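Throughout, a chain's letter reflects where its sequence line sits, starting with A, and its residues are numbered from 1. Predicted model only: the values in this text are computed from it and were never measured.
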Amino acid sequence: MLLKGSFDSVKSTPLWACAGMVFSMELHQIRYFLALSKILNFTAAAEACHVSQPALSRAISQLEGELGGALFRRERKLTHLTEFGRTVLPSLRQCFEASQHAKVLARSFHHEGHAPLSIALSRMIDIDLLAPVLAELGTAFPSIEVKIFRGSAREIALRLKNGDAEVAIADPLPDEWERFETRALFEQAFGLLLTRRHRLAGRMPAALPDLASERFLSVPECGVIDAIEMEMRTLGVQTVARHEVDAIEDIPSLVRANFGLGIWPLGRPCDADLMIGGIRDHAMRSPVRACTVFGRQHSVAARTLICLLRSRDWSHRRLPAPPHRSVEHVS
Amino acid sequence: MTGASLATQLMDCTRRCRDMDAPLEQRLTVMADDVRRLAPQFAQVVDRMVDRLRAAGAGAEAPGIGEVMPPFVLPDETGRLVSLEELHKAGAVVVAFLRGHWCPYCRITADALAGVEPEIRLRGGRLAILTPEVQEFNAALKADAAADCPILTDLDNGYALALGLAIQLDDEKRSAMLHAGWDIAGFHANDHWILPIPAIFVVDRSGTVRGRFVDPDYRKRMDIEDLLRALDTARRATDRRR
């Protein structure tokens, strides 16, 4: 069969063969560990988990035995996480949260009940990419009401902080607030939108120096133009001139009027009198991430959205792999 | 023996075992024997790992015969959410935890399960395969096994943990894998390095487990005849209740 073995790759050691140490984990052990890591007091953590203190201590010791290192330094008044404890905390917490979410989702799936969900979305992200995910969310939660806000990275960050948006699907956010929990989804690719009469139309992809005198046209806080500007600096050009429009739909008309070179998402249709070019040796790309605020109580709909986005096959959005990779080995 | 030639020989063996016309147990044994022959030191490491997991009672907490299988709602390889409840509409459900598309034993098992799926359906049952891998890789596993069943993403091993089937790999093994060029993080959309213990549950229509196979030794999987017998038990249990 043609597809069989298509994902084999020739590597020196197979994953399953280099089996080293593995640890089994119990849900209750992790629950106690997470409680103690927050409360930092054995007696109080045991109370919070509704177990006796010896039972909690025993479970923590078992987990430490399994993981092969002390998670806590036990001091009478100053119980605290060890370096090792801090290292394993994020993955154990995420696995635990996933198991909690799995439970809640199984309970609330297809059930009625008002479920508002506000999503902040970068202006350049093609809604067609998210439509199937939103449709699935609508099936899962028949009473869901979604609000979608489009904005710049700065506006999106503010909305997240204020709680006006529960989930963001966005370009990298400007200030890396430590409570932003981000997950990479895919990379969005862009091109230059220009008229077929443009002086560079016959010379695409354009060489960077040819663009030094051009004016760019995009939505506010465009990371793609920032990246072009960074490259221009190596040529001694300090800044690139840019126009900003709030609505991406306004870009084609302005390009047509020779107002500038548009920054245009690849895959988004454009009229026949316009063309999409690129820049030689410069990938116009921007990562798209899902972002929430750590520590807030998230709705089951929001968690399901993140789960669907992370699980989704974005491989068609990825840079093509170098040809020497994923070779079917001939026996 | 160079690493590259060993890996190549193991891949050939995987394909040979996957396509072999023999009972699953025999196919897995041939695979394991080939590993032992080609890479005795690897096989020993795996033996030690399995001993350790057995000693720790890994997987013992997973639902047993007569116990209730917790419900799940997980996205399949196309992004559609599939619930255990929905799968139960036809009758009993075979829930199979696999480690992922990269694992030779899981590829062989997926192929065997796909092969027996028509018989599962004849008995009014449905098959669902669960892995911690995202859709792209579940689609690859599905194509590799020419399977007709949904392959579901148990993201971050949440459902596996709820069943006591999650195991974590340590730093040493992580770096060994990364060194070998296997980015399991890329398959899982996280960098937790947590895997499920492979397992198969046969769940009757009321959600009660009627067949169960959990073994920390990932080279051993449920016998297909046992699986079909458990399905018959599940159907009888449902009929009695009517």
Using 30° and 60° as the class limits, which term best fits the ring planes of B:Tyr159 and B:Phe97: parallel, tilted or perpendicular?
parallel
Apply salt bridge (charged side-chain N to carboxylate O under 4.0 Å, His left out) to residues B:Asp111 and B:Arg15 and explain how you reach the verdict.
CA-CA 11 Å; B:Asp111 185 83; B:Arg15 237 167 284 147; over 6 Å; no
Toward chain B, the part of A:Thr139 with a non-hydrogen atom under 4.5 Å
neither
Closest approach of A:Leu117 to A:Ala302 (non-hydrogen atoms, all atoms of both residues)
CD1-CB, 3.7 Å
Just verifying a value: how many Å separate B:Leu38 CG and B:Cys13 SG, rounded to the nearest 0.5 Å?
7.5 Å
Worked check of salt bridge (charged side-chain N to carboxylate O under 4.0 Å, His left out) between B:Arg54 and B:Asp215
CA-CA 8 Å; B:Arg54 284 231 170 92; B:Asp215 195 330; 2.7 Å; yes
Would a distance-only check, ignoring hydrogens and angles, find a side-chain to backbone donor-acceptor pair under 3.5 Å from A:Trp314 to A:Glu187?
no
Largest heavy-atom contact set with chain A, pairs under 4.5 Å, which of B:Thr153, B:Thr78, B:Val134, B:Asp156
B:Asp156
Toward chain A, the part of B:Leu161 with a non-hydrogen atom under 4.5 Å:
both
Between A:Leu92 and chain B, which part of the residue has a heavy atom less than 4.5 Å away: side chain, backbone, both or neither?
side chain
Looking at chain B, which one of A:Arg107, A:His28, A:Arg312 has the largest number of heavy-atom pairs inside 4.5 Å, strictly under?
A:Arg312
Can you say whether A:Ile30 sits under 4.5 Å from chain B via the side chain, the backbone, both, or neither, judging by heavy atoms?
side chain
Highest number of heavy-atom pairs under 4.5 Å with chain B among A:Ser99, A:Ala102, A:Ser311, A:Ala98 belongs to A:Ser311
Give, as side chain, backbone, both or neither, the part of B:Pro70 having an atom under 4.5 angstrom from any heavy atom of chain A.
neither
Among B:Leu74, B:Asn157, B:Leu81, which has the most heavy-atom pairs under 4.5 Å with chain A?
B:Leu81
Distance, nearest 0.5 Å, that separates CD1 of B:Ile151 from CZ of B:Phe137:
13.5 Å
